[in-house]
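As structure tokens, the structure follows; a few thoughts come after it.
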Amino acid sequence: MGRTLLTILGVILAIWLVFTMLGWLFSLLKLFVIVGMIAAVIYLVVTLVAKSSKGR
């Protein structure tokens, strides 16, 4: 009986760990997307400013 209980607890812990890792991964990917979008906006602004000041 004790062995069965430990097996069930181990399976529950493994499933919980998998979902926790998926949550961490999803949040890391969201962070990369947000940082990438900010970098793209900064790049576009710098490029446009450099082109407009070059034409003067």
Side-chain angles (χ1 to χ4, degrees):
M1 182 67 186
R3 187 175 175 98
T4 305
L5 186 62
L6 286 177
T7 303
I8 291 171
L9 286 175
V11 168
I12 291 172
L13 180 64
I15 291 170
W16 173 77
L17 186 62
V18 165
F19 280 111
T20 302
M21 294 296 285
L22 286 174
W24 289 343
L25 182 64
F26 182 66
S27 117
L28 183 67
L29 289 175
K30 282 195 313 189
L31 174 72
F32 284 160
V33 167
I34 291 169
V35 169
M37 291 174 103
I38 292 171
V41 168
I42 291 172
Y43 174 77
L44 286 174
V45 168
V46 168
T47 302
L48 291 174
V49 168
K51 282 185 180 180
S52 68
S53 65
K54 194 176 191 182
R56 288 185 178 187

Atom pairs and distances, side-chain donor-acceptor, residues 6-20, under 3.5 Å, sequence neighbours left out:
unit_1 : atom_1 : unit_2 : atom_2 : d
Thr7   : OG1    : Arg3   : O      : 2.8
Thr20  : OG1    : Trp16  : O      : 2.8

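Remark: Leu22 CG to Ser27 OG distance equals 11.5 Å, nearest 0.5 Å.
Linking Ile, Leu, Val, Met, Phe, Trp and Tyr residues whenever their side-chain heavy atoms come within less than 4.5 Å leaves Phe26 and Ile34 in two separate clusters.
With side-chain heavy atoms closer than 4.5 Å counting as contact, directly or through intermediates, the hydrophobic cluster containing Val49 also holds Val41, Val45.
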